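Here is how names work: the chains are called A, B, and so on, in the same order as the sequence lines, proteins then strands, and each is numbered from 1. No hydrogens, no waters, no symmetry mates; every other heavy atom, side chains included, goes into these values. Just so you know, these numbers come straight off a predicted model, no measurement behind them.
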Protein chains: 2
Amino acid sequence: MSRVNVQRHVPAVYHQIADFLRAEIVRGTYPAGQPMPSERELCERYTVSLTTVRRAVNILREEGLVTSRRGAPSTVRERPIRSTVVMGRGSKLTCRMPTTTERFAMNIERGVPLVEVRDKSGRVEVFLADRVEILNPEGLAGAATRIMDVA
Amino acid sequence: MSRVNVQRHVPAVYHQIADFLRAEIVRGTYPAGQPMPSERELCERYTVSLTTVRRAVNILREEGLVTSRRGAPSTVRERPIRSTVVMGRGSKLTCRMPTTTERFAMNIERGVPLVEVRDKSGRVEVFLADRVEILNPEGLAGAATRIMDVA
DNA sequence: GAGTATTTGTACGTATGTATC
DNA sequence: GGATACATACGTACAAATACT
């Protein structure tokens, strides 16, 4: 039967923790490049299991907010400088997540989408989404080319 | 010291399983919209724990390849029809992952990035990355507007 | 450089909740 | 209602990379 779900649910604990940590990050509690509290510490702070804390942090990694390596504390990701890419006339742009294979091969961090620009001749250029800003120029045309850096 | 890591590692089991399932999906073993094998079934097939299987499937969800709801079997995501969006002169485009909050509010599935187009006046339009294709037109200018549908 | 502690990664197990079929 | 399937949450143990002494 098509019983529409009207119920309002209490978000899962790990969602709540992720939301709280995200707010702290946005607020600047853990500045970019600086370590976050360790998982063990978060377990104690919120009185939850390691699993739950890890799922919370995992959400932030998926969003590209946090990066973590084995052995080192998780850190708030520094937002890379964005290059400006000019999109050529008649070219098409799509955006998608990389496969894990691509992530490892191209050393892409989690939570970073790919931007694919295909020009009229069919040539495809791929960019890391957090490193570029695509500009449709006022003036002249040209293939998608990196021309300048911006803050 | 900067000791460069040269070692080649055996990928984690859940990565291998994810790779295998991804290959099957690409090959068309589980057509779009069709159910994937259940987690319990995958446990038996690969002789691994539920945790490991879930992490594998989780990778595919993160890549936007698979969708899953509670109670129903996971399915290979159907690729939505992409609308063509025309990008206006002087507008800028960026791409990022939505926050979980945004995902729930806007009912966005996992693994789907957002495309943000900001026009010269500063107005921002947001699109689901898997639903659009951004076109830089040959001819006229205009704000980012959805004009037509394509396969 | 060596040794140790810390921290995250991987993998297992179990139980229960909840939506779907 | 019952069976199935995924979601949440607890626990444990060990591996591997890093950081510190």
Problem set entry | Set of salt bridge (charged side-chain N to carboxylate O under 4.0 Å, His left out) partners for A:Arg55, sequence neighbours left out |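 So A:Arg55 forms no salt bridge (charged side-chain N to carboxylate O under 4.0 Å, His left out) with any residue.
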Exercise. What pairs with A:Glu24 under salt bridge (charged side-chain N to carboxylate O under 4.0 Å, His left out), at least two apart in sequence or on another chain?
Worked result: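 Only A:Arg45 meet the salt bridge (charged side-chain N to carboxylate O under 4.0 Å, His left out) criterion with A:Glu24.
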For this session: Please tell me which of the listed nucleotides, D:dC6, D:dA9, C:dA11, lies nearest to the side chain of A:Ala12?
Result: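 Between D:dC6, D:dA9, C:dA11, the one nearest the side chain of A:Ala12 would be D:dA9.
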Exercise. So which heavy atom on A:Ser74 is nearest to which on A:Arg61, and how close?
Worked result: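 So the two residues come closest at OG-NH1, 4.4 Å.
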For this session: Output the residues of residues 27-52 of chain A in contact with DNA chain D, where contact means a heavy atom of the residue under 4.0 Å from an atom of the strand; sort by number or write none.
Result: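 Nucleic-acid contacts, sorted: A:Val48, A:Ser49, A:Thr51, A:Thr52.
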Exercise. Got a sec? Which of residues 54-70 of chain B come in under 4.0 Å of DNA chain D, heavy atoms?
Worked result: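 Those residues are B:Arg54, B:Arg61, B:Ser68, B:Arg69, B:Arg70.
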For this session: Name all pairs fulfilling the ring pair (Phe, Tyr, Trp, His ring centres under 6.0 Å) condition that reach into residues 66-121 of chain B, sequence neighbours left out, sorted by first residue then second.
Result: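 As it turns out, the ring pair (Phe, Tyr, Trp, His ring centres under 6.0 Å) pairs with a partner in residues 66-121 of chain B, which skip direct neighbours, are A:His15-B:Phe104.
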Exercise. Thinking salt bridges, do A:Arg110 and A:Glu63 make one under a 4.0 Å N-O criterion?
Worked result: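 No, no charged N to carboxylate O under 4.0 Å.
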Exercise. Given a cutoff of under 4.5 Å between side-chain heavy atoms of I, L, V, M, F, W and Y, with clusters grown through shared members, what are the other residues clustered with B:Tyr14?
Worked result: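 B:Ile59, listed by chain and number.
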Exercise. Between A:Arg103 and A:Thr100, is any pair of side-chain heavy atoms under 4.5 Å apart?
Worked result: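 Touching, per the 4.5 Å side-chain cut-off.
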Exercise. Any sub-3.5 Å donor-acceptor pair from B:Asp119's side-chain atoms to B:Ser91's backbone N or O?
Worked result: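 Here the side-chain-to-backbone pair does not exist.
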Problem set entry | Phosphate-side-chain proximity, B:Tyr14 and C:dA11, N/O vs OP1/OP2 below 4.0 Å |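 For B:Tyr14, the contact criterion (side-chain N or O under 4.0 Å from OP1 or OP2 of C:dA11) is not met.
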